[in-house]
Amino acid sequence: MKRYEIKYEPVTIEGTLYPKYNIYYYINGVLENKEFHSIDGVNGEIRTGYTQL
Amino acid sequence: MGKKKISEFTTVTPSSTDKFLVEQADGTYKSVLASSITTGTTPDGLNSGGTITVGTYGGSGTNNDIRVTPASWYISPDNYSTVINTDFLDIALSSSGLQRYIGIYGTTSNTITKVEGSEAALATYPTTPANSIVIGYVLVNDASASTTPDLSGYMLKADKATQASNVTGTNDTTYITPLANAVKENTANKSSSYTASSTTTYANTKALVDGLATKQDTLVSGTNIKTVGGNSLLGSGDIAISSGYTQFFVFVAFSPADATTYYIGNAPNSTPTTAVNTTLARSVMITKDGIIKTFAFTTAAFSTLGSTENGTLTIELYDINKSFVSSNSLTSVFKFDSICNQYLITGLNISVLEGYNVILKWVTPTWATNPTQAWIQGNLYIQT
């Protein structure tokens, strides 16, 4: 089963906070990959064939 | 005997019609045209007659007498002559195995004399007496006498031009003697083969010319033998021939996360993964032992350009059983801040063996702005 999960993981660079959402892909519960998703958690790409965890 | 004397004028310059009175042998005088008188130096020698024969002319034996017919000769400044045959009777044969010459000479007393030469295996002419001219010679061996000289051991004068380098000097004006140790050419040793192995025979020039025509000229680099990469092929030793091949790395564009490790193989339909075991299935397998010398790659961000932070790129080697072998840094300077950046990494010396698996390990930076639709395509050059 292919699932994904979007996590808010902001970073701070030289005192500046950068909001970031990363997306994690799992196959049968095992992490397969991790990608940058978006800065708002909404407008990023999601691979086809994966459903939200 | 009478004398013929030629008047000599050293200060007169006669015309062609002038005549002189010339005293003849019988004491009378003859009127001759000046133009018919030959002036200048007359050499000593036989003028006419003086034929020498060997036969029976009155001696006690047979064919052992010498006869010289009447002759006239000149010994400067006078002419001399005989008017009857001159016979030398009962010539003794030479000792067994030996020979000698008898010289026949005209003298200044109007007589013909003989001088016995020394006996030898190969006789030489006796010395000509003073105030005499040579009329001829008779060869006397241990069996007979003859006016024919023994030419054995002599070389024809006609051959002197081509044989001159082989002689030491002349014996007379007609023949020259060969070197004491000269050996006559044995034409049986002349061979039409230049390949025959022999210490006796020798190839004729045609065989040599024909043989040489089948041989290759001396090799001159770049002239009648090509070079390899500008290197001469002449001489000893080995010329290492450098060759190699490339291995291709690529993946489908994706959006890399911050400070994340991705593994890249040759997967044109897949994104990189964070799990090395997954990417090993897509790794590039080495097909021939060699040395990784160069890595050229391109980065691109097709959607959002990344900020200028650099990532790092490492090459990891795994053996044929997918067991880790080594990790080698490639670069820590490459970006996704442009639609397309090209990088060339040279000077690498990473040995690889046939069956090795190669994957690229990419550690992303923490970007202020993450690139999206990011992509890497690269080529490894492996020298064999």
Side-chain angles (χ1 to χ4, degrees), chain A, chain B residues 250-283 299-312 334-337 359-376:
Chain A
M1 180 175 291
K2 295 181 178 180
R3 310 296 290 272
Y4 72 88
E5 179 183 19
I6 296 175
K7 296 182 179 180
Y8 177 63
E9 296 174 326
V11 296
T12 300
I13 300 175
E14 296 178 348
T16 301
L17 179 66
Y18 294 89
K20 295 188 180 184
Y21 291 85
N22 293 320
I23 184 168
Y24 291 74
Y25 293 99
Y26 301 91
I27 296 178
N28 296 326
V30 178
L31 178 66
E32 181 208 9
N33 211 342
K34 168 187 172 185
E35 295 181 25
F36 171 73
H37 177 257
S38 64
I39 59 174
D40 58 9
V42 176
N43 294 314
E45 291 187 356
I46 300 172
R47 295 183 189 179
T48 55
Y50 286 80
T51 57
Q52 191 170 17
L53 185 64
Chain B
V250 70
F251 57 80
V252 171
F254 78 123
S255 299
D258 295 327
T260 303
T261 296
Y262 294 98
Y263 293 94
I264 304 167
N266 185 2
N269 296 315
S270 302
T271 60
T273 66
T274 56
V276 65
N277 289 339
T278 301
T279 304
L280 271 175
R282 309 165 185 167
S283 63
T299 65
F302 297 120
S303 182
T304 304
L305 296 180
S307 49
T308 58
E309 293 82 358
N310 285 302
T312 64
F334 71 101
K335 302 178 174 66
F336 288 83
D337 60 346
I359 58 174
L360 299 177
K361 179 181 178 181
W362 171 28
V363 178
T364 62
T366 298
W367 281 286
T369 302
N370 291 65
T372 58
Q373 292 300 300
W375 177 76
I376 295 176

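The chains referred to below are lettered A, B, ... by the order of the sequence lines, with proteins before strands, and numbering in each begins at 1.
- Of all the listed residues (B/T372, B/D258, B/T366), the one sharing the greatest number of non-hydrogen pairs under 4.5 Å with chain A is B/D258.
- The aromatic rings of B/W362 and B/Y262 lie tilted to each other, with the angle between the two planes from 30° to 60°.
- Judged by distance alone, with hydrogens and angles left aside, the side-chain atoms of B/S307 form a donor-acceptor pair with the main-chain N or O of B/A368 at under 3.5 Å.
- B/L305 approaches B/T369 most closely through the heavy-atom pair O-CG2, 3.6 Å.
- Only the side chain of A/E45 has a heavy atom closer than 4.5 Å to any heavy atom of chain B.
- Neither the backbone nor the side chain of B/T304 has a heavy atom closer than 4.5 Å to any heavy atom of chain A.
- Taking the six-membered ring where tryptophan is involved, the planes of B/W367 and B/F336 are perpendicular, since the angle between them exceeds 60° and thus also 30°.
- Only the side chain of B/T260 comes within less than 4.5 Å of a heavy atom of chain A; its backbone N, CA, C and O stay farther away.
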